[in-house]
Amino acid sequence: MSSIQTIVNRINQGETTARHEVEVAIEKANANSDYHALLSLTEKRALERADDIDARKAAGEQLGELAGVPFVAKDNFLAFGAPTTAASKMLEHFDAPLQATAIEKLEAAGAICIGKANLDSFAHGGSTENSAYGPTKNAHDTTKVAGGSSGGSAVITALDVVPFALGTDTGGSIRQPASFNGVIGVKPTYGMVSRYGVVAMASSTDTIGCLAGSIDDAELVMKIMSGCDVKDMTTLPDFFVPEKTAKPSQKIGLIKESMSEDVDIQVRARVSEYVDKLRANGHTVEEVSVPMTNHALAMYYIIVPAEVSSNLGRYDGIRYGLRAEGVQTLAELYGKTRDQGFVTENKRRIMIGSYVLSSGFFDAYYLHAQKARTILINEYRKLFETYDVLITPTAPTPAFNLGENTSDPILMYLADIMTVPVSLAGLPAISVPAGASEQGLPIGVQLIGNHKSDAALLALAREMENR
Amino acid sequence: MCQEGVFSLFIGYNKDMTQISRDDVLHLAQLSSLQLSDTEIDDLQKDIGNILGYVHQLSELDTSGVEPTYQVTDLENVWRDDVVIDDKVTREQLLSLSTESLNHQVKVPKVL
């Protein structure tokens, strides 16, 4: 698949049509169906939209910045043309009555959604194995996991079916699968992109971003999606302005807790090589410490389940989604619907949330974790007084085997240990490809910036691209 | 990777640290409106116990005098004009999402 700019230019110059680009992408998606990266194709609507763009081109109209560019949305974005399932049985037949703001903005720029990507059910997981419809396979080795929860989005991008895909990132769900599949994954500053119309998981860390093959493409997509939205009161006033070149001689901190001996030796080697390249480009890299890194996963698995238990309370079988059959009472309807509609990981998180929020435990778990979160945020804040960017591996290992961690939720959670602290602080971060293991599995490096430094972070990633 | 104990430096992953009872699980299920099957109750009892054991490591941290963080945007009192935003979604569309509706209302089983 060509870059966004190439597709747009060729359509504008009449060398190809939107319809042709969409047909090629759908053909490629079908040819790669063994990876199970997509849950549905939005073929009919995509072709209609393509024809509309081609007609407008023929009429001499000015086309949008993404005119005719096919993309894939994670199946927790409300979008027309196919059900929005969140990879759950709860929403198996849910036809969204409206579209997410992110989708609306991309469509207004001319982009065309061709399908919906697989994910861990309700985005709960780090391998896409919690999908109610079966796992997605890694783009580089089909015995390995795709990562998650945006596993389908990462794989479909890595397979070059589309130039970009949308994902959501609550604790690493864009960055970690990007790392596992060798693509770029962008998680913006919390509040940069509207979450209206996206299935909520944990409201204080949920973000929307993209997976892409190049920084230029990712930057353009983020530019179009970003900005204040009256329908999402957590969105910040628009601040994202792309920067053509990176600031020279940046001060970069390598977080030492992320390079401990527990981290895969090949992952550490690739990060060290990336650091060498940063230095060769004139930047200074020093070892820094974020001691609370070691506690972040524990905080996360108190705070996020608490928010999950609240956000998933809406799935009651009444207004939309699954409704259990053969029940007599309302209580039975709730209980059976939720039992049938959620996968085990959903239930685990809801119940842990109920536990940490219940009277008697609230102060010891939830309140305590939110205080610990303040300490973590202050550690980052202090570092950003001196450093422009922080760096860690994106994940402690390359992609692991399918089935390897499914019986032990905590081992599964550890795959997000590098990304979770960043999410708790609401900072922007990008996972960039940094080579591969001896087995040929991609390895990613995570670049972390201060609040609202998204554009500067992308500029640095671009400077380092292909070095 | 991911053999047990690999992450010793990442503090305190020690299986079976916290036990919660089957009654605890049933209580949590009730609070969560989940009618669970018997086998799932057993699995959840083990997993939730382990997870609570893992997160319990935070108790060693002194947070006295620290303010909690509930949100990271520093936005406060976000207002908008009190006018209806037309999402172009009709009542019929929304009602059609429900399994059962009657006379423009969502139908549910008897409450009492």
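Proteins get letters first, then strands, A, B, ... in listed order; numbering begins at 1 in each.
- With a threshold of 4.5 angstrom between heavy atoms, A:Y366 approaches chain B through side-chain atoms but not through N, CA, C or O.
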Between A:Y413 and B:I51, does a side chain to side chain contact (heavy atoms under 4.5 Å, CB included) hold up when you go through it step by step? CA-CA 10 Å; A:Y413 298 168; B:I51 293 164; 3.6 Å; yes
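- Here the shortest heavy-atom pairing between A:A372 and B:T63 reads N-CG2, 4.0 Å.
- With a threshold of 4.5 angstrom between heavy atoms, A:L297 approaches chain B through its backbone and through its side chain.
- The contact between A:S407 and chain B is made entirely by backbone atoms, counting heavy-atom distances below 4.5 Å.
- Highest contact tally toward chain B, considering only A:I352, A:T189, A:T337, is held by A:I352 [criterion: heavy-atom pairs under 4.5 Å].
- In this structure, chain B has a heavy atom under 4.5 Å from the backbone of A:Q328, while its side chain stays farther away.
- Of the atoms belonging to A:I350, heavy atoms from both backbone and side chain fall under 4.5 Å from chain B.
- At a 4.5 Å heavy-atom cutoff, the contact between B:D62 and chain A is made by backbone atoms alone.
- Options B:V25, B:L95, B:L58, B:T69 differ in how many heavy-atom pairs under 4.5 Å they form with chain A, and the most are formed by B:T69.
- Interface residue A:Y196: only side-chain heavy atoms are found under 4.5 Å from chain B.
- Residues satisfying the side-chain contact (heavy atoms from CB on, under 4.5 Å) test with A:S310, not counting sequence neighbours, are none.
- Of all residues spanning residues 341-348 of chain A, those with a heavy atom less than 4.5 Å away from chain B's heavy atoms are A:F342, A:T344, A:K347, A:R348, arranged by number.
- Proximity to chain B is absent for every atom of A:A296, based on heavy atoms less than 4.5 angstrom apart.
- Residues of residues 78-86 of chain B lying under 4.5 angstrom from chain A, judged on non-hydrogen atoms, are B:V78, B:R80, B:I85 by number.
- Between chain B and the options A:R323, A:M299, A:R373, heavy-atom pairs under 4.5 Å are most frequent for A:R323.
- For the residue pair A:T234/B:T73, the side-chain donor-acceptor check at 3.5 Å is not satisfied.
- If you measure heavy-atom distances from A:T235 to chain B, the contacts under 4.5 Å come from the backbone alone.
- Taking 4.5 Å as the heavy-atom cut-off, the residues of residues 93-101 of chain A that approach chain B are A:F94, A:D95, A:P97, A:L98, ordered by number.
- For A:M233 against B:L75, the heavy-atom pair with the smallest separation is O-CD1, 3.6 Å.
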